[in-house]
Amino acid sequence: MAIELRYRDGTIHLADGEDDRSSDLESLPGVEPDPRSGGYRAPAYRYADLRDAIEKGGLPYEERVFDARGGDSLDLATDYRLREYQTDALDAWEDAGRRGVIELPTGSGKTVIAIAAIAAVGRPTLVVVPTIDLLNQWERELEREFSVPIGRFGGGEQRREPITVSTYDSAYLRADDVGDAFEFVVFDEVHHLGGEGYRDIARLLPAPYRLGLTATFERPDGAHEVIADLVGDRVYRLDIDDLAGDHLAAYDIKRIEVELTPEERQEYETAQETFVDYLKSTNLQLRSGSDYQKLVLRSGNDPRAREALLAKQRARNVMMNADAKVDALERVLDRHRGDRIIVFTAHTELVYRLSRRFLLPAITSETGATERRQILERFRDGDYSRVVTANVLDEGVDVPDANVAVVLSGSGSEREFTQRLGRILRPKDDGGRALLYEVVSDETAEERVASRRR
DNA sequence: TTGACTCAACATCCTTTGCTACAA
DNA sequence: TTGTAGGTTTCCATGTTGAGTCA
């Protein structure tokens, strides 16, 4: 009798009938005995390895993992003509056994590659995206390209079709009960999959074909290694500089250094000293994010640690929201009267301050969906030529193109910086260059923060 | 259907140069 | 001699999102 493979609740179950093949089965990747059923089981994401090992070992097997409804091949056709690097990326993914991550900058056409991959695989596909905005964009794009109905998990709808788009949150909630429906899964902005909860999505799905898309694969916490295990290694990579001047606009980065006022300097030094003194007195070394995490943990029951962290927070506020930055922005706005400008900050309070002072439309997490849409539409139509925002427009939102970005403050995250830069790199009609201003408070920790993100 | 609300999850959060004990 | 980890176990604050609930 053949070994029967079935999917149930995020797990592959193996039954070998009356034959005793326990030693064969236990040597298969990820397989262990299942006391409850008396058979064997393996985590769903190991399905591809499992099937390969069974075939290699010449064991007879019967595949009942996927829902019969997805039995027929999808007849998918798309008119897209890929650019050379897009074809190379797709080939690299095919060569890796239709698994792996493609890293390409924002605006280089990652969606196009995914659509070509969906057409090539021709099997039921789940596309997972981080935001409702992207959910809508993907749905529209897929409807335009394919003649099959497009399903949707998220934003209040739960409709399953051979090609379905889902948010990460909905995919997390539904993975174990729809796992048998999809043989191909595409993770857009795949770096999100490194989150503690989200990685379960990939674990619970048996889909043998997997594609991850991102502009910034590596994560500071090292979780990209988990992603590589679940989706496949990075198989292709180009960064902004590989495409700038060709498929993306050429760009310049200008750094503006500003001085703190005497009062700000006094406040900054006092707070910074409190923080550093605590580190010295406790012999604590901060070399990485995890060291900082230790300090945060300690602050739970050590009042001095808590005080040190609050002081650090104060110092950060001073350097990131310095008065001179507002003046620097005024000069930039004067210099670029005819340009389209996006201003980025790290704090919402500064967004509203700038909005009042320069009469700029503002978008933060507090801005409702309707108002946000209106502002972006007016920016797209040219009614507005400037927008100020905190972190909302970093990722997952279709932002109209601009040619000047001003980063007044931000984190040390390379990802955040790359995403912000990406907002001005759509090729310009006149072939002009994009320009990013980075405003940094002189002689503060912000200089280090700024160098870390590049 | 919309809006206001709560909740949970995720991301970032990083000083200046060195102490001590222990393992390789 | 050289290299490396270091005690703990729900986590200071801010920003952002999606899901769910209720009116």
Side-chain angles (χ1 to χ4, degrees), chain A residues 128-136 152-158 166-174 189 191-201 216 219-221 223 271-317 319-321 344-352 363-372 389-397 409-417 419 444-453:
Chain A
V128 188
V129 305
T131 63
I132 301 281
D133 216 73
L134 281 170
L135 188 76
N136 295 331
R152 181 182 163 106
F153 296 154
E157 275 182 73
Q158 298 291 322
S166 172
T167 60
Y168 275 82
D169 288 77
S170 283
Y172 174 70
L173 294 170
R174 305 221 39 195
E189 309 289 0
H191 48 271
H192 287 280
L193 199 63
E196 287 290 342
Y198 289 159
R199 55 181 77 167
D200 282 345
I201 300 168
T216 44
R219 293 171 48 117
D221 62 1
Q272 187 72 3
E273 213 175 285
T274 306
F275 181 67
V276 174
D277 280 354
Y278 177 78
L279 293 182
K280 277 187 189 149
S281 71
T282 53
N283 230 350
L284 211 70
Q285 294 178 54
L286 296 185
R287 283 165 306 195
S288 66
S290 59
D291 289 338
Y292 190 83
Q293 201 58 37
K294 279 183 204 158
L295 177 58
V296 173
L297 281 173
R298 196 187 279 208
S299 71
N301 54 15
D302 177 354
R304 285 190 60 225
R306 184 179 142 78
E307 197 195 342
L309 273 177
L310 291 177
K312 181 68 199 165
Q313 191 76 28
R314 280 200 300 279
R316 219 173 9 237
N317 277 338
M319 75 184 189
M320 286 186 164
N321 303 309
F344 296 98
T345 77
H347 292 108
T348 50
E349 192 265 322
L350 180 59
V351 170
Y352 293 122
I363 300 180
T364 70
S365 64
E366 294 163 22
T367 314
T370 317
E371 189 186 351
R372 193 180 293 192
T389 180
N391 304 316
V392 184
L393 303 184
D394 286 355
E395 185 197 276
V397 186
S409 55
S411 71
S413 156
E414 192 188 336
R415 169 164 303 125
E416 179 191 274
F417 187 77
Q419 283 164 342
T444 66
E446 198 172 35
E447 294 177 318
R448 251 196 318 277
V449 170
S451 65
R452 202 166 63 225
R453 64 188 168 217

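Letters go in sequence order (proteins before strands), and every chain restarts at 1. Nothing here was measured: the structure is a model prediction, and the numbers come from that model.
- Distance from the side chain of A:Ser413 is smallest to B:dT12 among B:dT12, C:dC11, C:dG18.
- Of the N and O atoms on the side chains of A:Asn136 and A:Arg152, at least one donor lies less than 3.5 Å from an acceptor on the other residue.
- What separates CG of A:Asn317 from C1' of B:dT12 is a distance of 14 Å, to the nearest Å.
- Ranking B:dC13, C:dA13, C:dT16 by closeness to the A:Val392 side chain, first place goes to C:dT16.
- One interatomic measurement links the two molecules: CE of A:Met320 to P of C:dT14, which rounds to 13 Å at whole-angstrom precision.
- Residue A:Glu416 is classed as having no contact, given no heavy-atom separation below 4.0 Å to the nucleic acid.
- Nucleotides B:dC13 and C:dC11 are separated by 11 Å at their C1' atoms, to the nearest Å.
- In this structure, A:Gly154 reaches the sugar-phosphate backbone alone: every heavy-atom distance under 4.0 Å involves primed, P, OP1 or OP2 atoms, never a base.
- A:Tyr198 comes within 4.0 angstrom of the backbone, heavy atoms only, and of no base.
- Counting any heavy atom pair closer than 4.0 Å across all strands shown, A:Ala346 reaches sugar-phosphate atoms only and no base atom.
- Using a 4.0 Å heavy-atom cutoff across all strands shown, A:Glu196 reaches sugar-phosphate atoms only and no base atom.
- Counting non-hydrogen atoms under 4.0 angstrom, A:Arg219 reaches the backbone sugars and phosphates but no base.
- Distance from the side chain of A:Leu309 is smallest for C:dC12 among the nucleotides B:dC13, C:dT16, C:dC12.
- Map A:Gly410 and A:Lys280 each onto its nearest nucleotide of DNA chain B; the residue landing nearer the 5' end is A:Gly410.
- The existence of a salt bridge linking A:Arg219 and A:Asp221 is confirmed by a sub-4.0 Å separation between a basic side-chain nitrogen and an acidic carboxylate oxygen.
- Between A:Arg372 and A:Arg316, it is A:Arg316 whose nearest contact on DNA chain C lies nearer the 5' terminus.
- Judged by the 6.0 Å distance and 45° axis criteria, A:Arg174 is positioned over the aromatic ring of A:Phe153.
- One P atom belongs to C:dG7, the other to B:dT16, and the distance between them is 24 Å to the nearest Å.
- Distances were taken from every side-chain heavy atom of A:Thr167 (C-beta onward) to each of C:dG18, B:dT12, C:dG20; the shortest belongs to C:dG18.
- Listed candidates were B:dC14, B:dT12, C:dG20. Nearest to the side chain of A:Arg415 is B:dT12.
- For the residue pair A:Thr216 / A:Arg415, a side-chain donor-acceptor distance below 3.5 Å is found, with atom types taken as modelled.
- Neither OP1 nor OP2 of B:dC13 sits under 4.0 Å from any side-chain N or O of A:Gln313.
- Between C:dT9 and B:dT15, the two P atoms lie 25 Å apart (nearest whole Å).
- In this structure, a donor-acceptor pair under 3.5 Å is absent between the side chains of A:Arg314 and A:Thr274.
- At the heavy-atom level, A:Phe275 lies under 4.0 Å from the strands shown only through sugar-phosphate atoms.
- Across all strands, A:Arg298 comes closer than 4.0 Å to base atoms (heavy-atom distances).
- A:Asp133 CG to A:Thr167 OG1: the interatomic distance, rounded to the nearest 0.5 Å, is 13.0 Å.
- Counting only heavy atoms from C-beta on, A:Ile132 has its side chain closest to C:dA19 among C:dC12, C:dT17, C:dA19.
- For the pair A:Thr364 and A:Ser299, nearest-nucleotide mapping onto DNA chain C gives the more 5' position to A:Ser299.
- C:dG15 and B:dC14 are spaced 15 Å apart, taking the P atom of each and rounding to whole Å.
- For A:His347, whose side chain is taken as the heavy atoms from C-beta onward, the closest listed nucleotide among C:dG15, C:dG18, C:dC12 is C:dG15.
- Between A:Tyr168 and A:His192, the two ring planes are tilted [angle within 30° to 60°].
- When distances run from any side-chain atom of A:Lys312 to the nucleotides C:dA13, C:dT16, B:dC14, the shortest one goes to B:dC14.
- Across the protein-nucleic acid pair, A:His191 atom NE2 and B:dT12 atom P stand 9 Å apart, rounded to whole Å.
- Phosphate proximity of C:dT16 to A:Ser365: present, with a side-chain N or O under 4.0 Å from OP1 or OP2.
- An OP1 or OP2 oxygen of C:dC11 is reached within less than 4.0 angstrom by no side-chain nitrogen or oxygen of A:Arg306.
- Within the 4.5 Å cutoff, the side chain of A:Tyr278 has heavy atoms near those of the A:Leu295 side chain.
- Summarising the geometry, the separation between CG on A:Leu297 and C1' on C:dG6 is reported as 14 Å, rounded to the nearest angstrom.
- Between A:Tyr168 atom OH and B:dC10 atom P the separation is 12 Å, expressed in whole Å.
- Residue-level contact check: A:Gly155 touches the backbone only, with heavy atoms under 4.0 Å from sugar-phosphate atoms and none from bases.
- The distance between atom CG of A:Leu279 and atom C1' of B:dT17, rounded to the nearest whole Å, is 13 Å.
- Here B:dC14 presents its C1' atom at 10 Å from CG of A:Leu295, a figure rounded to the nearest Å.
- Of the candidate nucleotides C:dG15, B:dT16, B:dC10, C:dG15 has the atom lying nearest to any side-chain atom of A:Thr348.
- At a threshold of 4.0 angstrom between heavy atoms, the contacts of A:Leu173 are confined to the sugar-phosphate backbone, with no base atom among them.
- The gap from the C1' atom of C:dT10 to that of B:dG18 amounts to 32 Å, rounded to the nearest Å.
- Under the Watson-Crick and G-U wobble criteria, each requiring two contacts below 3.5 Å, nucleotide B:dC5 is paired to C:dG20.
- Of the listed nucleotides (C:dC12, B:dC13, B:dT15), B:dC13 has the atom at the smallest distance from the side chain of A:Gln293.
- Between A:Glu366 atom CD and C:dT14 atom C1' there is a gap of 11 Å when expressed in whole angstrom units.
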